[in-house]
Amino acid sequence: MAATPARRISSGERINISAEPGRLEAELTRRGIRLTRQRRILLRIIDTAPEHLNVELLLRQARRADPRLNRVTVYRTLDMLKRFGLVDELDLLHLRGHQHYYEMRGPRDHIHVACLGCGKVREVESELFDRLKRQIERDCDIQITVARTEIGGYCPNCRSRS
Ligand SMILES: [Zn+2]
Ligand SMILES: [Zn+2]
C-alpha cells in the first residue's frame with residue numbers, strides 16, 4: 001500500500017477529486033450491478049466532482065450529458081450508492097439550506113471545515129482523526145463504519161470584515 005501523508009487539506013472544496021476515476025462504476029460492477037448509460041453518467045459526475053453535490057446540482061450536470069435524465073434516476077442511483085455504503089450523505093452544517101449533499105466515500109475519512117460567514121467548505125484528513133477513531137473503537141467496543149465530523153468557524157476574510 002502506498003504511504004499516505006499524515007495530513008492533507010483541500011485547497012478547493014474537495015480533496016479526492018479524480019483520486020480514483022471510475023471507482024464507483026468499478027465497485028458496482030464488482031457487485032454484479034448492471035449499469036445503464038444514465039447511471040454511468042451520474043457515477044462519473046460524483047467520482048470527479050470538485051464540490052459536494054446535492055440532487056439539483058447533480059441533475060443539472062447530468063442533463064448536460066443527457067437532457068432526458070430525470071430526478072427519479074438521480075434519487076434511485078443515490079439510494080443504491082447509499083445502500084452499498086459508497087457515498088456519504090452530509091448536511092454541511094445547513095449552510096446552504098436543508099438539502100443533503102453527497103460525495104464518494106473514502107479512501108480515507110475526512111473532516112469538513114466550513115466558514116459560517118461565506119460558506120466556504122474545505123476538507124481535512126488527519127492522522128489524529130484516524131487515531132481518535134481507533135481509540136473510540138477500543139473504548140466503546142464498536143467497529144466504526146461511518147464517522148462524520150463537521151466543524152464551523154470564520155475564515156480570515158470573514159474575520160477581517162467584522
Ligand atoms: Zn467531503
Ligand atoms: Zn469566510
Side-chain angles (χ1 to χ4, degrees), residues 1-28 39-62 64-65 71 74-137 142-162:
M1 216 166 81
T4 34
R7 207 156 113 236
R8 280 203 306 164
I9 303 169
S10 67
S11 48
E13 182 161 311
R14 296 192 60 234
I15 294 178
N16 293 313
I17 310 165
S18 309
E20 296 164 285
R23 182 175 151 226
L24 286 177
E25 192 173 325
E27 293 276 354
L28 290 167
R39 280 192 168 175
R40 279 206 198 90
I41 290 169
L42 290 166
L43 297 177
R44 192 165 15 124
I45 293 168
I46 299 169
D47 256 344
T48 57
E51 290 173 345
H52 299 89
L53 298 173
N54 61 19
V55 169
E56 284 318 309
L57 293 166
L58 198 46
L59 185 62
R60 201 182 309 156
Q61 290 189 31
R64 281 187 215 136
R71 200 175 299 267
V74 175
Y75 280 116
R76 286 200 182 136
T77 305
L78 287 171
D79 279 346
M80 174 184 67
L81 291 168
K82 279 193 278 182
R83 204 165 59 240
F84 288 118
L86 294 171
V87 288
D88 274 326
E89 190 171 30
L90 316 157
D91 61 36
L92 296 178
L93 298 166
H94 295 299
L95 279 170
R96 299 167 189 174
H98 288 279
Q99 308 141 51
H100 285 156
Y101 288 81
Y102 302 88
E103 70 179 334
M104 182 170 64
R105 177 174 289 177
R108 191 177 166 197
D109 282 335
H110 55 258
I111 299 168
H112 292 96
V113 183
C115 175
L116 302 173
C118 63
K120 184 178 160 65
V121 173
R122 297 176 75 188
E123 296 183 338
V124 181
E125 289 174 346
S126 161
E127 208 168 43
L128 283 174
F129 186 53
D130 298 334
R131 271 163 49 203
L132 175 64
K133 285 189 297 178
R134 300 293 86 80
Q135 183 192 311
I136 291 168
E137 286 190 323
I142 186 146
Q143 190 188 343
I144 296 177
T145 56
V146 57
R148 196 168 295 155
T149 310
E150 299 183 336
I151 291 174
Y154 290 91
C155 77
N157 275 342
C158 292
R159 288 203 305 274
S160 68
R161 240 179 272 135
S162 63

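What's counted below: heavy atoms across the whole structure, side chains too, no hydrogens, waters or symmetry copies. Just follow the structure's listing: the first ligand is 1, and inside any ligand the first atom is 1. Nothing here was measured: the structure is a model prediction, and the numbers come from that model.
When the shell of 6.0 Å around CZ of Arg96 is examined, it contains more than 12 heavy atoms from other residues, nucleotides or ligands. Arg131 CZ: 12 or fewer foreign heavy atoms inside a 6.0 Å radius.
Inclusion of Asp88 in the first shell of the Zn ion (ligand 1) is not supported: no N, O or S atom falls under 2.8 Å. Using a cut-off of 2.8 Å, one finds that Glu123 contributes an N/O/S atom close to the Zn ion (ligand 1).
With the Zn ion (ligand 2) as the vertex, atom SG of Cys158 and atom SG of Cys155 span an angle of 110° (nearest 10 degrees). To the nearest 10 degrees, the angle centred on the Zn ion (ligand 1) between NE2 in His110 and OE1 in Glu103 reads 90°. Our summary of the site lists the angle at the Zn ion (ligand 2) between SG of Cys115 and SG of Cys118 as 110°, to the nearest 10 degrees.
In this structure, His52 and His110 have tilted ring planes: the angle between them lies in the 30° to 60° band.
Put simply, the side chain of Arg159 gets close to the backbone of Tyr154: a donor and an acceptor are under 3.5 Å apart.
For Arg71 and Glu56, the salt-bridge test passes: some basic side-chain N is under 4.0 Å from an acidic carboxylate O.
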